[in-house]
Amino acid sequence: MNGNIKFHSPNGPAFAPGELWVGSSGSTYEVIGTRRWGEDKWDVDVTYVVAGTVEPQWTKDAWNFQVRCTHVADRVV
């Protein structure tokens, strides 16, 4: 990406299993998978873990996940 922060479509590659996101606390999270539960664009649950671990797993809807996390490609280093 180009360093601009944006909201990613929950159907896009940023939510593919194995993609990394950085939380507001600085922790890195890995997407395990997604599950659609409605017809709206944001009606998708994201299941994720702390990168490099397998448990515990958390699930958050795609909108709230992105409010709290930034995709690694959007981070300015």
Side-chain angles (χ1 to χ4, degrees):
M1 298 303 302
N2 57 12
N4 292 330
I5 297 174
K6 65 175 189 171
F7 277 89
H8 294 268
S9 170
N11 299 323
F15 285 96
E19 285 296 306
L20 299 177
W21 292 71
V22 178
S24 57
S25 66
S27 298
T28 302
Y29 301 108
E30 179 180 348
V31 174
I32 300 301
T34 59
R35 183 182 63 85
R36 177 160 292 285
W37 50 268
E39 294 182 20
D40 187 68
K41 175 181 180 177
W42 300 106
D43 291 347
V44 175
D45 283 338
V46 180
T47 302
Y48 59 100
V49 297
V50 172
T53 66
V54 290
E55 292 196 27
Q57 296 183 359
W58 298 282
T59 299
K60 193 174 294 294
D61 67 83
W63 177 265
N64 284 305
F65 180 78
Q66 287 192 77
V67 167
R68 292 165 178 79
C69 299
T70 303
H71 190 267
V72 293
D74 296 333
R75 298 210 15 116
V76 177
V77 287

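The ring-ring contact (aromatic ring centres under 6.0 Å, His included) test with F7 is passed by exactly one of F65, F15, W63: W63.
Between W58 and Y29, the angle of the ring planes goes over 60°, which puts this pair in the perpendicular group of the 30/60° scheme.
Cluster note: V49 groups with I32 through ILVMFWY side-chain heavy atoms spaced under 4.5 Å, whether in direct contact or through intervening members.
Considering all non-hydrogen atoms of both residues, V31 and A14 come closest at CG2-O, 4.4 Å. Between A62 and P10, the shortest heavy-atom contact is CB-CB, 3.7 Å.
Here the straight-line distance linking atom CH2 of W21 with atom CD of Q66 works out to 4.0 Å at 0.5 Å rounding.
Q57 contributes no side-chain N or O that, together with a main-chain N or O of T47, makes up a donor-acceptor pair within less than 3.5 Å.
Counting only residues at least two apart or in different chains, salt bridge (Lys or Arg N to Asp or Glu O under 4.0 Å) contacts with residues 20-41 comprise R35-D45.
Between the side chains of E19 and H71, at least one donor N or O sits under 3.5 Å from an acceptor N or O.
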Verdict with supporting geometry, W42 and D61, side-chain contact (heavy atoms from CB on, under 4.5 Å): CA-CA 7 Å; W42 300 106; D61 67 83; 5.8 Å; no
